[in-house]
Amino acid sequence: MKHVITALVMNEPGVLAHVAGMFSARGFNIDSLVVGRTEDPNLSRMTIVVIADERTLDQVRKQLAKIVAVVKVRDFKDLPFVSRDLMLVKLSATPRTRSEVIELADLFRGRIVDVSHNTILVEVSGEEGKLDAFVELVRPYGIRELARTGVIAMARGAESVRSAGGEEPRPATGKAVSAAPRQPTQAELEATPPG
Amino acid sequence: MSTKPPPTGAVGIAPAAGSPSSSTPQPADKKKEAATVPISVADEQTRAGHLPVLGYRTGRTDRYIGLTGAQILLQMLHEHGVTDAFGYPGGAILPTFDQLYENKLNFILVRHEQGAGHMADGYARATGKPGIVIVTSGPGATNTITPLATACMDSIPIIVFSGQVRTYVIGNDAFQEADVTGISRPVTKRNYLVKNVKDLPRVINEAFIIATTGRPGPVLVDLPVDVSTARVEEIIDDTPNLPGYRIYKGGNSRMVKAAAEMINAAQRPVLYVGGGVIISRAWPEVRQLAEKGNIPATTTLLGLGAFDENSPLSLHMLGMHGSAYANYAVQESDCLIALGARFDDRVTGNLKLFAPKAKIIHLDIDPSSISKNVRVDVPVVGDARLCLQDMLAHIEYQPRREWFDRINQWKSRYPFTWKDDSPLPKPQAIIEAINKLTRGRAIFTTGVGQHQMWAAQFIRWSIPRSMITSGGLGTMGYGLPAAIGAQVGRPGELVIDIDGDGSLLMTVMELATMHQYNLPVKVAILNNRFQGMVRQWQKLFYGGRFSHTEMINPDFAALAASFGIRGVRCDKKEDVPRIVEEMVQYPGPCVVDFICETDENVYPMVASGKGLHEMEMGVVGETPPNSGREMGSLA
Ligand SMILES: Cc1ncc(C[n+]2csc(CCOP(=O)(O)OP(=O)(O)O)c2C)c(N)n1
Ligand SMILES: [Mg+2]
């Protein structure tokens with residue numbers, strides 16, 4: 001399951017490496033990670049899409065919050081939110097097919113930002129799924145090059161990442177004891193060195 | 001952030017989870033609840049530039065004007081209460097070493113930077129104060145990575161100041177340049193590369209806060225040569241800027257109450273006491289909890305000493321080589337109360353089979369520890385001491401007669417034991433002799449291996465900070481430097497390193513340090529001429545194919561003598577008590593090479609993939625407990 005998490009981080013060298021390193025060291029699965037400036041020059045904002053079940057998401061959030069340079073963490077699990085991805089895609093388009101491509105781009109509220117003799121460069125933004133759909137539709141024309149920013153997200157209404165509280169864990173529901181996020185296999189357990 | 005005005009209302013208190021925003025005033029009756037949520041340094045420090053966490057004044061000041069980076073470092077170490085430090089010089093840290101030339105700081109010159117790191121760590125564990133390390137760039141700094149990882153795993157406050165090449169050549173593969181902040185990031189709680197001397201005072205203040213508060217941990221400060229020689233020329237602000245750093249104090253009062261109620265209702269509760277109890281100095285509260293509620297207590301390897309093992313309520317250590325009675329009790333428990341412990345795999349065995357009948361209460365200062373490995377029914381996030389003080393008021397005495405009957409049966413049936421059936425002394429015999437003589441009243445350090453587990457099993461732990469051992473990382477070579485650090489921190493006390501022949505040889509050069517500063521550490525080598533613990537696994541799981549675990553050792557007594565230290569060899573059973581006594585009585589540093597039996601395993605043992613109750617028992621429970629031995633106190 002994909003989850004979107006956003007984090008305000010101190011704008012200093014090494015934070016991105018720290019966050020990325022933490023994800024790989026703990027075996028969390030990043031789908032996309034976007035960093036950019038905010039209204040406050042001291043803070044950057046990361047938007048991270050992770051593939052995780054709820055327990056892993058809980059760990060991801062806590063492990064992020066534990067990094068000293070991470071100021072606030074918020075996931076959008078129980079919040080209405082807006083998410084956007086921006087794409088530039090360069091398609092093959094001969095004078096014959098050009099108008100078809102323009103029509104498709106229009107349907108997706110895309111913009112034509114460059115045209116050459118046999119290519120056309122389209123800019124589209126929107127939710128990830130919309131962009132995926134566009135890619136599938138234009139694939140037959142021939143995709144020369146494609147770049148996407150990855151997802152950025154923001155809660156609807158007055159909620160903001162700054163108003164996110166501290167990490168107060170809630171009691172788990174269900175069975176008293178259960179498996180870790182990923183149970184090691186028997187072979188892995190046996191491979192555990194003696195210490 | 002440092003410039004933020006103090007919040008109105010409850011000063012320094014972050015908004016409760018889910019409350020709209022920090023600027024919204026809280027209704028009066030909500031204030032009490034809010035007092036249980038984490039306290040942010042960012043909020044606390046703004047009060048008149050005072051840092052309650054350290055009792056240290058900060059703010060915009062001219063007091064650094066005219067000082068170089070190196071001078072600032074030493075002055076601030078002094079102001080933060082540092083009296084001792086460990087390290088090794090080199091080009092990139094020379095300005096700082098020059099300042100050490102006539103300084104009141106007690107500086108210990110080591111023989112390998114790894115030694116400095118473990119000494120600082122042993123010092124921190126023995127005293128509760130942060131351990132300080134000063135080393136050079138490149139290889140000096142990379143040599144501290146193992147100690148940083150060791151300290152990180154066990155939540156130990158050490159601060160490493162490493163030299164770095166000049167700021168303007170960083171990134172050019174300069175001589176002795178290494179990306180030390182990059183390399184150390186995953187094994188530090190926080191690290192810094194200081195690029196401007198104006199930032200140094202703030203960074204040092206932050207380093208001390210981060211290392212010593214919350215869940216403590218190592219911090220590294222990388223200090224380029226030109227920063228340590230540059231002078232501050234203007235008024236600067238040394239207020240820590242830690243907007244994202246939270247220190248959890250008292251726990252959520254509803255959760256504390258829920259935990260107490262769950263404990264009161266339990267028929268078969270067990271306290272599972274970890275190293276966090278020692279860090280937060282909560283041992284008196286743990287004892288009160290056990291006695292007031294009539295609850296048996298088991299400790300982890302790092303928790304040894306946090307609960308008096310001579311108490312009838314003690315179950316001793318649990319886990320892979322823990323006592324059978326502790327492991328059985330956990331598996332049968334209906335309420336497991338984890339205090340400053342993190343459900344490490346060496347403690348839980350197979351997680352799927354762990355404590356299957358228990359509701360779990362987890363008190364920890366690190367929210368990310370909660371529900372990481374096991375699902376927790378009642379989480380309490382906060383400082384163990386403060387939370388337990390709250391909890392105690394709600395705890396009621398319960399007789400739990402049936403539960404104690406069962407526990408006492410296990411205890412009398414399966415005490416830790418060993419068989420005296422070899423010509424050479426068994427390693428356990430030596431530890432028992434040390435225990436008998438000291439009654440556990442000494443500071444012990446260990447290497448990693450069988451000797452470490454036997455020390456955990458056969459010394460009756462009763463004093464906090466008396467067991468100093470690398471738990472989470474299992475770092476061979478830890479014992480000797482940690483003992484030196486502990487001795488520096490607590491000069492008047494008896495410090496004994498119970499070490500393995502393999503482990504000791506990893507850091508043996510620190511005998512020179514021990515000699516140079518005449519530190520009266522006693523080193524007891526359980527010399528089985530093998531990497532015994534690996535041998536045990538090869539014997540049990542690899543058909544006795546002892547691949548590269550046998551070692552031809554030096555003559556340790558002669559080796560010690562060559563360092564100028566008294567060295568003794570002991571290879572006869574009947575000599576063990578006498579030589580142990582001589583070792584303990586000897587006023588100076590002393591190394592004893594106890595030649596002992598090789599073919600011996602640590603039992604009980606929970607093999608990989610097994611539940612805690614599925615122990616290999618070896619000789620445990622085979623024979624009734626030996627009459628004459630120390631273990632009589634357990635029954
Ligand atoms: C630095 C390091 N390397 C390897 C290991 C793996 N290891 C764990 S115990 C052990 C053997 C320890 O031998 P020794 O110090 O003689 O102790 P013994 O088990 O014989 O008491 C080894 C190699 C380790 N824990 N640390
Ligand atoms: Mg050995």
Side-chain angles (χ1 to χ4, degrees), chain A residues 7-10 12-14 17-18 21-22 24-26 40 42-43 55 58-73 158-160 162-181 183-195, chain B residues 1 14-22 37-38 40 181-182 185-186 189-191 193 206 210 241-246 248 252 255 258 320 345-346 350-352 354-360 366-368 370-379 381 448-449 474 533-534 536-537 541 608-609:
Chain A
L8 281 182
V9 303
M10 293 172 80
E12 60 175 36
H18 201 162
M22 186 277 286
S24 76
R26 296 197 179 264
D40 181 341
N42 299 310
L43 296 176
R55 284 200 65 194
D58 184 54
Q59 264 298 305
V60 171
R61 234 177 347 99
K62 288 170 173 174
Q63 294 295 347
L64 268 174
K66 194 164 149 179
I67 296 174
V68 175
V70 172
V71 179
K72 288 278 185 189
V73 180
E159 280 290 330
S160 82
R162 278 176 190 278
S163 62
E167 270 305 323
E168 272 292 286
R170 291 146 287 211
T173 45
K175 205 171 162 290
V177 177
S178 91
Q183 271 294 313
T185 63
Q186 191 62 26
E188 283 170 321
L189 279 170
E190 266 150 21
T192 316
Chain B
M1 295 224 313
S19 76
S21 101
S22 56
V37 306
S40 158
T181 43
R185 191 166 293 122
K189 187 170 168 189
R190 173 88 161 137
N191 67 20
L193 170 59
E206 290 181 13
I210 292 168
N241 178 25
L242 296 168
Y245 187 65
R246 298 186 170 274
Y248 290 80
N252 182 305
M255 287 298 166
M320 179 176 272
D345 57 279
R346 295 284 136 139
N350 187 333
L351 272 176
K352 280 187 202 144
F354 178 70
K357 304 172 185 174
K359 294 253 185 222
I360 294 186
D366 176 4
S368 73
I370 292 187
S371 292
K372 183 174 72 181
N373 295 339
V374 300
R375 261 190 205 267
V376 171
D377 297 279
V378 181
V381 178
V448 171
M533 185 56 93
V534 181
Q536 171 164 349
W537 283 57
F541 310 118
S608 280

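The analysis underlying the following values was restricted to heavy atoms, covering all of them including side chains, and did not include hydrogens, waters or symmetry mates. By convention in this document, chain letters (A, B, ...) are assigned in the order of the sequence lines, proteins followed by strands, and residues within each chain are numbered from 1.
- Heavy-atom minimum distance, Val68(A) versus Lys189(B): CG2-O, 3.8 Å.
- Both the backbone and the side chain of Ala69(A) come within less than 4.5 Å of a heavy atom in chain B.
- With hydrogens and angles ignored, the 3.5 Å screen pairs a side-chain donor or acceptor of Lys62(A) with a backbone N or O of Ile370(B).
- In this structure, Lys372(B) and Arg55(A) approach most closely via the heavy-atom pair O-NH2, 3.7 Å.
- Taking OG of Ser371(B) as the reference point, atom CD of Gln59(A) lies at 8.5 Å (rounded to 0.5 Å).
- Not a single donor-acceptor pair under 3.5 Å links the side chain of Arg246(B) to the backbone N or O of Ala65(A).
- Proximity to chain B (any heavy atom under 4.5 Å) is restricted, for Met10(A), to the side chain, taken from C-beta onward.
- Interface residue Asp366(B): only side-chain heavy atoms are found under 4.5 Å from chain A.
- Looking at Leu193(B), there are no atoms closer than 4.5 Å to chain A (heavy atoms on both sides), in backbone or side chain.
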